[in-house]
Novice: 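Supplied in structure tokens, the structure appears directly below.
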Amino acid sequence: MIPGVRLVVLGKQGAGKGTQCVRLSHHYVVPHVSTGDMLRGEVKSKTPLGVRAQSLMDKGELIPDEMVMEMVRARLSERDTRGRGFVLDGCPRTIAQGKELDGIVHPFGLDIVIDLRVPTELVMKRLASRRVCVDCGANYSTAAPPMVNWTCDVCGGEVVQREDDTEEAIQRRLDLYEAETAPLISWYTERDLLVSINGTGSPDAVTRRVVGAIDTQRQKFRQE
Ligand code: AMP
């Protein structure tokens with residue numbers, strides 16, 4: 001039986017995190033915990049958190065740490081994630097969130113943090129052509145649309161461009177990534193948890209690289 005995993009995936013917007021995280025959650029049979037998807041769910045249901053988050057998200061700004069981490073704490077305290085683990089996508093995005101996450105996952109800790117690396121020009125191209133299902137979040141692109149008339153192949157939902165995939169919001173998110181999220185790379189490297197993976201190439205090739213890195217990291221921990 002494949003053991004679970006306690007995994008964080010970092011990477012710029014458009015690096016393929018969403019696609020890889022879904023694949024990894026199936027491979028390791030653990031929930032895919034995406035803070036972006038959770039926040040989009042809150043917006044759609046018009047909860048108090050969703051109402052506060054919407055304008056920040058549309059502009060590409062970050063949601064305040066305490067609001068996001070309360071949501072993450074609740075999700076990672078559930079039985080499924082405490083038992084087999086999780087693939088955490090989109091969090092942490094700041095050092096403060098990383099510190100808070102340490103407390104949330106204590107005493108088990110994280111197995112590994114993957115940094116999915118893709119050149120910025122490619123990321124801009126991918127984001128401009130990205131389309132998503134409003135219901136299940138499945139990813140498509142103008143080059144690889146759903147089979148029938150922008151209707152999701154997985155659930156039949158409508159496939160659209162994300163509100164925050166405009167040129168200004170994309171640039172703002174990339175700037176925030178450099179300023180707020182990139183420092184987490186050295187922070188996790190110092191903790192001996194970070195592995196950088198080349199995120200270019202086919203989704204299958206990238207998944208194989210990530211699974212290989214996780215297996216190697218596990219062997220390393222076993223030998224220590
Ligand atoms: P994503 O789907 O991960 O690109 O997230 C979409 C948007 O949700 C981001 O641009 C932020 O506005 C917000 N968001 C998602 N995760 C976080 C987080 N960990 N901290 C702050 N804001 C977040």
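For this chain, numbers begin at 1 and follow the sequence in order. Heavy-atom basis, side chains included; hydrogens, waters and symmetry copies ignored. Predicted model only: the values in this text are computed from it and were never measured.
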Novice: Can you find a heavy atom in the side chain of Tyr177 that is under 4.5 Å from one in the side chain of Val123?
Specialist: no

Novice: For a quick check under 3.5 Å, do Asp215 and Gln219 share a side-chain donor-acceptor pair by atom type?
Specialist: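 Per modelled atom types, Asp215 and Gln219 side chains form no pair under 3.5 Å.
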
Novice: Under the side chain to side chain contact (heavy atoms under 4.5 Å, CB included) rule, collect the residues that match up with Glu163, sequence neighbours excluded.
Specialist: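 Scan of Glu163 (side chain to side chain contact (heavy atoms under 4.5 Å, CB included), adjacent residues dropped) gives Asp58.
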
Novice: Donor-acceptor check, side chain of Thr151 to backbone of Glu158, threshold 3.5 angstrom: yes or no?
Specialist: no

Novice: Any donor and acceptor pair, going by atom type alone, linking the side chain of Arg126 with main-chain N or O of Gly14 inside 3.5 Å?
Specialist: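 Here the side-chain-to-backbone pair exists.
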
Novice: Among residues two or more places apart or on two chains, list those pairs meeting salt bridge (Lys or Arg N to Asp or Glu O under 4.0 Å) that have a residue in residues 88-98.
Specialist: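 Checked against salt bridge (Lys or Arg N to Asp or Glu O under 4.0 Å) - neighbours excluded - no pair reaches residues 88-98.
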
Novice: Using atom types as modelled and distance alone, determine if a side-chain donor or acceptor of Gln13 lies under 3.5 Å from a backbone N or O of Ile170.
Specialist: no

Novice: Show every salt bridge (Lys or Arg N to Asp or Glu O under 4.0 Å) that has at least one partner inside residues 24-41, sequence neighbours left out.
Specialist: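 Checked against salt bridge (Lys or Arg N to Asp or Glu O under 4.0 Å) - neighbours excluded - the pairs reaching residues 24-41 are Asp37-Arg40.
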
Novice: Applying salt bridge (Lys or Arg N to Asp or Glu O under 4.0 Å) as the test, list every pair that has at least one member in residues 193-211; sequence neighbours left out.
Specialist: Arg23-Asp204

Novice: Could you check if a side-chain atom of Cys133 sits within less than 4.5 angstrom of a side-chain atom of Cys155, using non-hydrogen atoms only?
Specialist: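 SC-SC contact between Cys133 and Cys155 confirmed.
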
Novice: List in chain and number order the residues that pass side chain to side chain contact (heavy atoms under 4.5 Å, CB included) with Arg130, two or more places apart in sequence or in another chain; answer none if no residue qualifies.
Specialist: Leu127, Val132, Asn139, Arg162, Asp165, Arg173

Novice: With side chain to side chain contact (heavy atoms under 4.5 Å, CB included) as the test, would you mind laying out the steps for Leu174 and Thr120 before giving the verdict?
Specialist: CA-CA 9 Å; Leu174 290 174; Thr120 304; 4.2 Å; yes

Novice: Does Asp65 reach the main-chain N or O of Ala96 with its side chain, forming a donor-acceptor pair under 3.5 Å?
Specialist: no

Novice: With sequence neighbours excluded, give me every side chain to side chain donor-acceptor pair (under 3.5 Å) pair touching residues 45-54.
Specialist: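 Listed by first then second residue: Glu42-Thr47.
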
Novice: Can you give each donor-acceptor pair under 3.5 Å made by side-chain atoms of residues 108-116, sequence neighbours left out, with the distance rounded to 0.1 Å?
Specialist:
from   : atom 1 : to     : atom 2 : distance (Å)
Asp111 : OD2    : Arg6   : N      : 2.8
Asp115 : OD2    : Arg117 : NH1    : 2.7

Novice: Leu101 and Ile185: same hydrophobic cluster, using ILVMFWY side-chain contacts below 4.5 Å?
Specialist: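 Same cluster: Leu101 reaches Ile185 through Ile, Leu, Val, Met, Phe, Trp or Tyr contacts under 4.5 Å.
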
Novice: Who are the side chain to side chain contact (heavy atoms under 4.5 Å, CB included) partners of Ala53, not counting sequence neighbours?
Specialist: Leu39, Met57, Ile63

Novice: Can you sort out the partners of Lys59 under side chain to side chain contact (heavy atoms under 4.5 Å, CB included), two or more places apart, ordered by chain and number?
Specialist: Glu61

Novice: By the salt bridge (Lys or Arg N to Asp or Glu O under 4.0 Å) test, which pairs, at least two apart or in different chains, include something from residues 70-84?
Specialist: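 Every salt bridge (Lys or Arg N to Asp or Glu O under 4.0 Å) pair that includes a residue of residues 70-84, provided the two are not neighbours, is Arg73-Glu100, Arg75-Glu78, Arg75-Asp80.
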
Novice: Please enumerate all residues that pass salt bridge (Lys or Arg N to Asp or Glu O under 4.0 Å) together with Lys44, with sequence neighbours excluded.
Specialist: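 With neighbours one apart ignored, the set is Asp135.
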
Novice: How would you list, by chain and number, every residue that makes a side chain to side chain donor-acceptor pair (under 3.5 Å) with Ser129, sequence neighbours excluded?
Specialist: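 Per chain and number, Ser129 pairs via side chain to side chain donor-acceptor pair (under 3.5 Å) with no residue.
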
Novice: So do the side chains of Pro119 and Thr200 get within less than 4.5 Å of each other, counting heavy atoms only?
Specialist: yes

Novice: Within the structure provided, determine whether Cys21 and Phe86 are in side-chain contact (heavy-atom separation under 4.5 Å).
Specialist: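 No, too far: nothing below the 4.5 Å cut-off.
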
Novice: Can you tell if the side chain of Thr181 reaches within under 4.5 Å of the side chain of Leu176, non-hydrogen atoms only?
Specialist: no

